[in-house]
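All remarks here apply to the structure that follows.
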Amino acid sequence: MPDARGSKEQLAPEPRAAKAASPERAPRLWGGRFAGGPARAVQEFTDSLPVDRRLYRQDIAGSVAHARMLGVAGIIPVADAQALVRGLAQVRKEMDSGAFVFVETDEDVHTAVERRLHELLGPEVGGRLHTGRSRNDQVALDLRLYAKGAITDIGGAVTRLQAALLKLAHQHQADVMPAYTHLQRAQPTTLGHHLLAYVAMLQRDFDRLQDAHDRTDIMPLGSGAATGSSLPLRRDLVAQELDFTSISQNSLDAVSDRDFAVELMAACALVMVHLSRLAEEVVLWSTSEFGFLELSDDYATGSSLMPQKKNPDVPELVRGRAGRVFGHLTAMLTTLKGLPLAYNRDLQEDKEALFGSVDTTGACLDITARMLARATFRTDAMAAAGGDPALLATEVAEYLVRRGVPFREAHDVVGRAVRRAQQRRVPLSELTLEQWQSLHDAFDAEVLELFDPARALARREAAGSPGPRPLRRALARAAVAIKRNQEWLKANRTAP
């Protein structure tokens with residue numbers, strides 16, 4: 001998962017202390033044009049290794065596919081291609097174990113991998129790996145491979161939260177609570193129906209991730225720096241090995257396109273909107289004023305001063321961290337908005353924003369699912385609030401509509417009844433039949449039986465309503481959607 005635990009899976013293990021390297025031992029990929037190396041300040045300002053080293057798996061997978069293609073296409077000797085594949089496997093092993101030593105001139109993960117190949121295979125064989133490619137299309141490939149994996153990671157976390165919410169919705173499908181508008185009690189609903197609203201939001205999130213996956217699943221390698229290569233590259237072989245369904249069709253666009261990253265980040269931002277709304281309700285419901293929910297002790301914290309406090313820090317942090325993801329999306333859009341074609345070094349900034357969005361969203365999805373699984377819903381307090389007779393004022397208006405009264409007239413009549421009950425300081429349900437009939441002659445004794453929330457909910461038969469039958473159908477539809485999500489994830493999960 002892309003949470004605190006999953007982030008470590010994406011990162012190369014912490015490198016050993018870097019050694020100073022002579023230019024002869026670790027040449028820069030672009031050094032031939034220059035009389036000397038960059039100033040130390042420039043090197044420190046431009047190097048991206050601390051951020052992009054987590055792409056080492058994707059970088060090595062792309063390089064393996066590229067090396068094999070070069071051999072099959074006859075661009076380099078087959079024996080050299082095989083040696084490159086073996087060397088890359090050794091680099092992967094060293095990076096996985098933490099034995100890999102980064103050196104001063106490793107300006108990014110791509111340089112580090114190729115530099116180590118030179119050490120393992122010698123410059124004649126190691127120097128063949130970069131044949132027919134640029135770091136521009138190499139970076140674009142690595143980022144697309146990462147984004148494909150991140151989409152399925154986030155999609156899996158979305159689906160697990162959906163499943164947790166669905167389980168709770170099954171348990172509480174008949175538990176009455178108020179529905180709110182303007183944070184004021186509005187009409188009765190059930191906790192199950194309320195929780196399914198978040199399942200629906202998360203399904204839209206999953207659908208957006210699927211859609212983003214389609215536009216991420218395009219293989220850019222072979223686009224070169226900007227205009228491809230004169231060598232007979234077999235881009236189809238690379239796409240097939242890396243499980244891409246299509247190949248980019250314009251080299252200028254391919255190396256500078258980050259729309260796929262923006263789409264993933266936008267999907268993450270909307271996930272965080274929905275998580276923040278859920279977190280806000282958890283915070284409200286856990287207050288003494290609501291009393292609808294109690295967080296488990298292991299998912300709450302205390303006060304350093306007030307011994308009685310039990311604070312909802314987890315949902316508050318989820319709510320707060322939404323801002324991080326929104327900020328990353330804004331940063332990416334701002335970076336892209338003024339770039340001419342094709343590649344510009346500004347695009348180095350894309351990874352920190354993308355990684356941050358994915359990591360934060362994954363962590364928040366994971367902790368929310370765990371928190372809810374351990375929470376206790378105070379259904380007695382919910383039922384007491386949901387049993388407020390005023391919540392059934394609309395029920396009375398619709399009762400009049402069924403007797404032929406125009407809705408606007410019925411609305412006015414019931415509004416006057418509410419005012420009368422307030423003046424008398426009694427619940428709406430305690431008005432007498434005579435008092436109802438003094439407001440309109442369409443009332444009969446049935447009006448006195450309208451103030452049972454369970455019976456009112458039973459009359460909600462329209463699709464999408466919280467009535468028992470539509471709610472059962474909604475629960476079944478949600479289960480089918482979650483299963484379909486899981487099947488899509490299984491079919492599209494990748495592991496460089």
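We're numbering straight along the sequence, starting at 1.
- Donor-acceptor pairing under 3.5 Å is lacking for the side chains of Asp243 and Thr494.
- Looking at every heavy atom in both residues, Ala147 comes nearest to Thr216 through CB-CG2, 3.7 Å.
- We find that Arg258 and Glu263 are not joined by a salt bridge, their nearest charged nitrogen and carboxylate oxygen being 4.0 Å or further apart.
- Counting all heavy atoms, side chain and backbone alike, Asp47 lies closest to Asp106 at OD2-O, 4.3 Å.
- With Leu88 as the fixed residue, the side chain to side chain contact (heavy atoms under 4.5 Å, CB included) test singles out one of Leu120, Val64, Asp59: Val64.
- Residues Arg319 and Leu317 are not in side-chain contact: their nearest non-hydrogen atoms beyond the backbone lie 4.5 Å or more apart.
- Under the 6.0 Å cut-off for aromatic ring centres, Phe100 and Tyr56 do not qualify, their centroids lying 6.0 Å or more apart.
- Between atom CE of residue Met177 and atom NE2 of residue His172 there is a gap of 11.0 Å, rounded to the nearest 0.5 Å.
- Between Glu104 and Arg40, at least one side-chain nitrogen of the basic residue sits less than 4.0 Å from a carboxylate oxygen of the acidic one, meeting the salt-bridge criterion.
- Ion pair Arg215/Asp259 not flagged as a salt bridge, since none of the NZ, NE, NH1 or NH2 atoms sits closer than 4.0 Å to an Asp/Glu carboxylate oxygen.
- Salt bridge status for Asp108 with Arg53: absent, with no side-chain N to carboxylate O gap under 4.0 Å.
- Side-chain polar atoms of Asp207 and Gln203 form a donor-acceptor pair below 3.5 angstrom.
- Annotation: cation-pi pair Arg144/Phe260 present, NZ/CZ under 6.0 Å from the ring centroid and within 45° of its normal.
- Contact of the Arg378 side chain with the Leu293 side chain is not registered, since no non-hydrogen atoms from C-beta on lie closer than 4.5 Å.
- A 4.5 Å side-chain heavy-atom check between Leu191 and Gln171 finds every atom pair outside the cut-off.
- We find that Lys310 and Asp297 are joined by a salt bridge, their nearest charged nitrogen and carboxylate oxygen being less than 4.0 Å apart.
- Shown here for Gln58 and Asp142, the closest heavy-atom pair between the two residues is O-OD1, 3.6 Å.
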